[in-house]
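First the structure, in the form of structure tokens, and then the observations on it.
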Amino acid sequence: MSKDDVADALDEIGVLLELQGENAFRCNAYFNGARTVRSLSADLKQLVADKTLGQVRGLGAALAEKITTLVTTGDLPYLAELRGQVPAGLIEMRQLQGIGSKKVKALHDALGVDTLDKLKAACEAGEVAKLKGFGAKTQANILEALRFREEAGKRVRIDQATGLVAALVERVRALPGVVRAEACGSVRRRRETCGDLDILASSADAQPVIDAFAAFPEVVRVLGQGPTKASVLATSRVDGEKVTLQADLRVVTDDLFPFGLHYFTGSKAHNIRMRQRALDRGWQLSEYGLGTADAPIACKTEADIFAALDLEYVAPELREDTGEIEAAEAKALPRLLEPGDIRGVFHNHTTYSDGSASLEEMALAAKALGWEYFGVGDHSQSLAVARGMPPSVVRKQWAEIDAVNAKLSGVRILKGIESDILQDGSLDYDDEMLAGFDYVVGSVHTHFTLTEAEQTERVCRALAHPALTMLGHATGRLLLRREGYKIDLEEVLKTAARFGKMVEINANPYRLDLDWVHVKRAKALGVLLVINPDAHSPDQLALTRFGVDVARRGWLEAKDVFNTRSLAEVQAELARRKRA
DNA sequence: GCCGTTTTCGGCCCGACTGTTTTCAGTCG
């Protein structure tokens with residue numbers, strides 16, 4: 001049972017308790033516990049085995065016991081019991097915009113409503129409006145929430161969110177009287193998916209900014225609008241795909257901008273720690289300032305806020321309360337990887353398999369990005385659906401690479417391959433052919449339904465192969481579309497460390513796999529990481545930036561990432577590995 | 001349910017906005 005499975009179970013307990021009217025702090029303890037487990041960088045099974053779960057902040061005796069039961073038996077009788085007490089439909093009702101556990105419980109208690117269909121019928125019959133605490137407006141809002149359930153409220157990928165929020169921020173900046181405007185929230189923290197957009201602006205006069213925002217062409221519905229804040233549903237086409245998200249704008253005076261920026265960037269868990277730290281000093285921290293009412297502490301930037309609390313500046317990507325406060329206090333934060341540190345990439349496709357551009361076009365696009373090398377990693381022979389290359393085509397590609405390299409200057413094409421990891425864990429092609437490549441990326445593209453033990457053994461066997469250089473997209477997930485295959489990543493990372501193999505951060509925004517939590521773990525285990533765009537066209541090389549985001553969220557520095565090295569260093573290292 | 005080293009009880013971040021109320025509860029972030 002993975003961390004996410006355990007966290008999901010804890011979240012569900014929290015929701016079920018809420019729906020029973022349980023004390024909110026007790027419910028929050030489960031939500032906090034879920035978040036803590038989700039972002040644990042240590043191995044959960046190990047913590048269970050060592051009986052040290054209870055030492056993790058946020059996990060007490062009760063949660064430690066339940067997590068232990070979940071991890072060791074794969075089941076939790078307490079959760080099953082709660083499920084039996086609460087109709088499943090109530091959880092769906094709770095997910096509606098504007099409806100929380102209290103209202104769901106009231107609807108259930110008073111009207112016996114326990115499905116979305118019954119809720120709709122009750123609203124249409126006018127029964128909901130008659131309830132104490134409800135009214136005509138609430139009833140109409142519930143109907144609206146039911147109608148928009150399919151359209152909004154869904155998370156989108158970071159590339160989609162970035163596109164939409166950039167358009168909105170640009171419009172806000174152009175409004176009269178706006179001094180500064182920034183995207184905050186999960187977009188600024190560079191999470192792999194986003195559920196909404198947070199925008200902060202500063203202006204001496206908020207109302208006109210709010211009113212203009214609510215009338216932007218991207219806005220399809222205004223969810224709420226006050227003097228300093230507006231919530232809207234905004235939509236746009238990003239790369240041809242329709243993206244609809246809730247977008248919140250807050251407008252503050254410019255002297256409050258740093259506090260607002262910090263507050264609305266979150267995460268919630270990070271903010272709670274920061275507020276607590278302020279309280280420990282007899283101060284208060286909120287979006288309106290730091291200090292006391294009598295003695296506010298002026299801050300011009302976010303860095304000033306951290307400094308006032310005796311902390312190093314914490315980059316937004318690290319603000320998850322996963323140790324960044326402690327590290328900032330000890331002045332031991334990593335010097336995070338920067339996009340400009342990247343000097344080339346290794347896993348990309350050309351027309352030799354399922355890419356859309358030639359070797360030369362791809363290499364020139366890499367050069368245009370300022371890179372020194374472009375590693376090709378077309379598909380191997382077994383993957384017929386992606387036009388995997390039989391050995392004869394590989395030799396043809398090698399000849400063309402030599403020819404293009406002789407012609408081009410300022411960029412070097414490296415002869416790589418994305419070799420399928422076959423069902424038994426062996427690599428595609430025989431050893432002689434594999435030895436002809438500069439490096440080998442090993443990836444799983446088939447047999448996703450093996451058991452976790454089988455999949456783990458398969459990948460670990462590939463990692464043990466002397467020819468393998470790096471492991472591609474470790475779980476095969478497609479964000480918001482497909483779960484990754486079941487695999488014990490802890491075992492995979494330990495095996496990679498044992499054999500000195502690199503692990504890829506696949507920068508395609510559909511994948512972002514290895515995820516940031518495991519990136520942090522990989523670094524702790526001494527695994528060298530490599531960021532690859534898995535580009536199938538020249539413009540996709542720029543997707544590498546999303547991989548840099550993941551690396552930063554995983555606390556990586558330039559030295560932790562192979563493709564920050566120069567061409568000469570890369571060639572020397574690859575040659576050394578082939579001799580070993 | 002978790003936490004704490006002035007602790008084992010009494011707190012738990014806190015403000016904006018909405019819709020229901022006529023002072024506040026619920027929801028959200």
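- Distance check on atom P: B:dG26 versus B:dT20 gives 14 Å, rounded to whole Å.
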* Are A:Thr162 and A:Asp159 close enough, and set up right, to give a side-chain hydrogen bond (donor to acceptor under 3.5 Å, both in side chains), and what steps lead you there? -> CA-CA 5 Å; A:Thr162 302; A:Asp159 57 315; over 6 Å; no

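- For the pair A:Phe31 CZ and B:dC28 P, the computed distance is 12 Å after rounding to whole Å.
- Within 4.0 Å (heavy atoms only), A:Ala24 reaches no atom of the nucleic acid at all.
- Sequence neighbours left out, the pairs with a member in residues 199-222 of chain A that pass ring pair (Phe, Tyr, Trp, His ring centres under 6.0 Å) are A:Phe213-A:Phe216.
- Place A:Val104 and A:Gln276 on DNA chain B by their nearest nucleotides, and A:Gln276 ends up nearer the 5' end.
- Between B:dG15 and B:dG10, the two C1' atoms lie 23 Å apart (nearest whole Å).
- Nucleic acid contact class of A:Lys268 (heavy atoms, under 4.0 Å, all strands): base.
- Within the 4.0 Å cut-off from OP1 or OP2 of B:dC13, not a single side-chain nitrogen or oxygen of A:Arg275 is found.
- Looking at A:Glu22, its side chain never comes within 3.5 Å of a backbone N or O of A:Leu17 through a donor-acceptor pair.
- In this structure B:dT8 sits in no base pair that meets the Watson-Crick or G-U test at under 3.5 Å.
- In this structure, A:Lys102 reaches the B:dG26 phosphate: one of its side-chain N or O atoms is under 4.0 Å from OP1 or OP2.
- Heavy-atom nearest nucleotides on DNA chain B were determined for A:Leu131 and for A:Ser101, and the one closer to the 5' end corresponds to A:Leu131.
- Here the options are A:Arg38, A:Arg35, A:Arg477, the test is salt bridge (charged side-chain N to carboxylate O under 4.0 Å, His left out), and the partner is A:Asp4; only A:Arg38 passes.
- Using a 4.0 Å heavy-atom criterion, one finds that A:Asn28 contacts no nucleic acid atom at all.
- Between A:Met93 atom CE and B:dG26 atom P the separation is 15 Å, expressed in whole Å.
- In this structure, the CG atom of A:Leu16 is 14 Å from the P atom of B:dG1, given to the nearest Å.
- Among residues two or more places apart in sequence or in another chain, the salt bridge (charged side-chain N to carboxylate O under 4.0 Å, His left out) test is passed with A:Glu302 by A:Arg188, A:Arg319.
- In this view, A:Ser267 satisfies the side chain to side chain donor-acceptor pair (under 3.5 Å) rule with no residue, not counting sequence neighbours.
- No N or O donor and acceptor, one from the side chain of A:Tyr288 and one from the base of B:dG15, sit under 3.5 Å apart.
- The gap from the P atom of B:dT21 to that of B:dT27 amounts to 15 Å, rounded to the nearest Å.
- When the C1' atom is used for both B:dG11 and B:dT6, the distance is 16 Å, rounded to whole Å.
- A:Arg57 places its CZ atom 14 Å from the C1' atom of B:dC12, with the value rounded to the nearest Å.
- Looking at heavy-atom distances under 4.0 Å, A:Leu285 makes no contact with the nucleic acid at all.
- In this structure, of B:dG29, B:dG1, B:dC14, it is B:dC14 that holds the atom nearest to the side chain of A:Leu279.
- With B:dC14, B:dG1, B:dG29 as the choices, the nucleotide that has an atom nearest any side-chain atom of A:Ala62 turns out to be B:dG1.
- Among the heavy atoms of the strands lying under 4.0 Å from A:Gln284 are primed sugar atoms or P, OP1, OP2 only; no base atom is included.
- B:dC3 sits 10 Å from B:dT8 when the C1' atoms are compared, rounded to a whole Å.
- Remark: C1' of B:dA25 and NZ of A:Lys105 are 15 Å apart, rounded to the nearest angstrom.
- For the P atoms, the distance linking B:dC13 with B:dT5 amounts to 16 Å, nearest Å.
- Residue A:Val252 is classed as having no contact, given no heavy-atom separation below 4.0 Å to the nucleic acid.
- Note on A:Asn271: nothing from the nucleic acid sits closer than 4.0 angstrom, heavy atoms only.
- Here the C1' atom of nucleotide B:dT27 and the CD1 atom of A:Ile142 are 12 Å apart, to the nearest Å.
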Contact list (N/O, under 3.5 angstrom) for nucleotides 17-19 of chain B vs protein:
from: B:dC17; atom 1: OP1; to: A:Thr228; atom 2: N; distance (Å): 3.2
from: B:dC17; atom 1: OP1; to: A:Thr228; atom 2: OG1; distance (Å): 3.1
from: B:dC17; atom 1: OP1; to: A:Lys229; atom 2: N; distance (Å): 2.8
from: B:dT18; atom 1: OP1; to: A:Gln225; atom 2: N; distance (Å): 2.7
from: B:dT18; atom 1: OP1; to: A:Gln225; atom 2: O; distance (Å): 3.2
from: B:dG19; atom 1: OP1; to: A:Lys137; atom 2: NZ; distance (Å): 3.1
from: B:dG19; atom 1: OP1; to: A:Asn141; atom 2: ND2; distance (Å): 3.0
from: B:dG19; atom 1: O3'; to: A:Thr138; atom 2: OG1; distance (Å): 2.9

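- Residues passing the ring pair (Phe, Tyr, Trp, His ring centres under 6.0 Å) test with A:His518: none are found, sequence neighbours excluded.
- Among the protein residues, A:Leu96 comes within range of the sugar-phosphate backbone only, with heavy atoms under 4.0 Å from sugar or phosphate atoms but none that close to a base.
- As judged by a 4.0 angstrom heavy-atom cut-off over every strand, A:Ser231 is placed among residues making no nucleic acid contact.
- The NZ-P distance, from A:Lys132 to B:dA25, rounds to 10 Å in whole Å.
- With sequence neighbours excluded, the residues satisfying side chain to side chain contact (heavy atoms under 4.5 Å, CB included) with A:Lys137 are A:Asn141.
- Between A:Gln246 atom CD and B:dC28 atom P there is a gap of 9 Å when expressed in whole angstrom units.
- What you find for A:Ala64 and A:Leu53 is that their closest heavy atoms are O-CD1, 3.7 Å.
- Atom name P, nucleotides B:dC12 and B:dC17: the rounded distance is 24 Å, in whole Å.
- Counting all heavy atoms, side chain and backbone alike, A:Thr36 lies closest to A:Arg57 at CG2-O, 3.7 Å.
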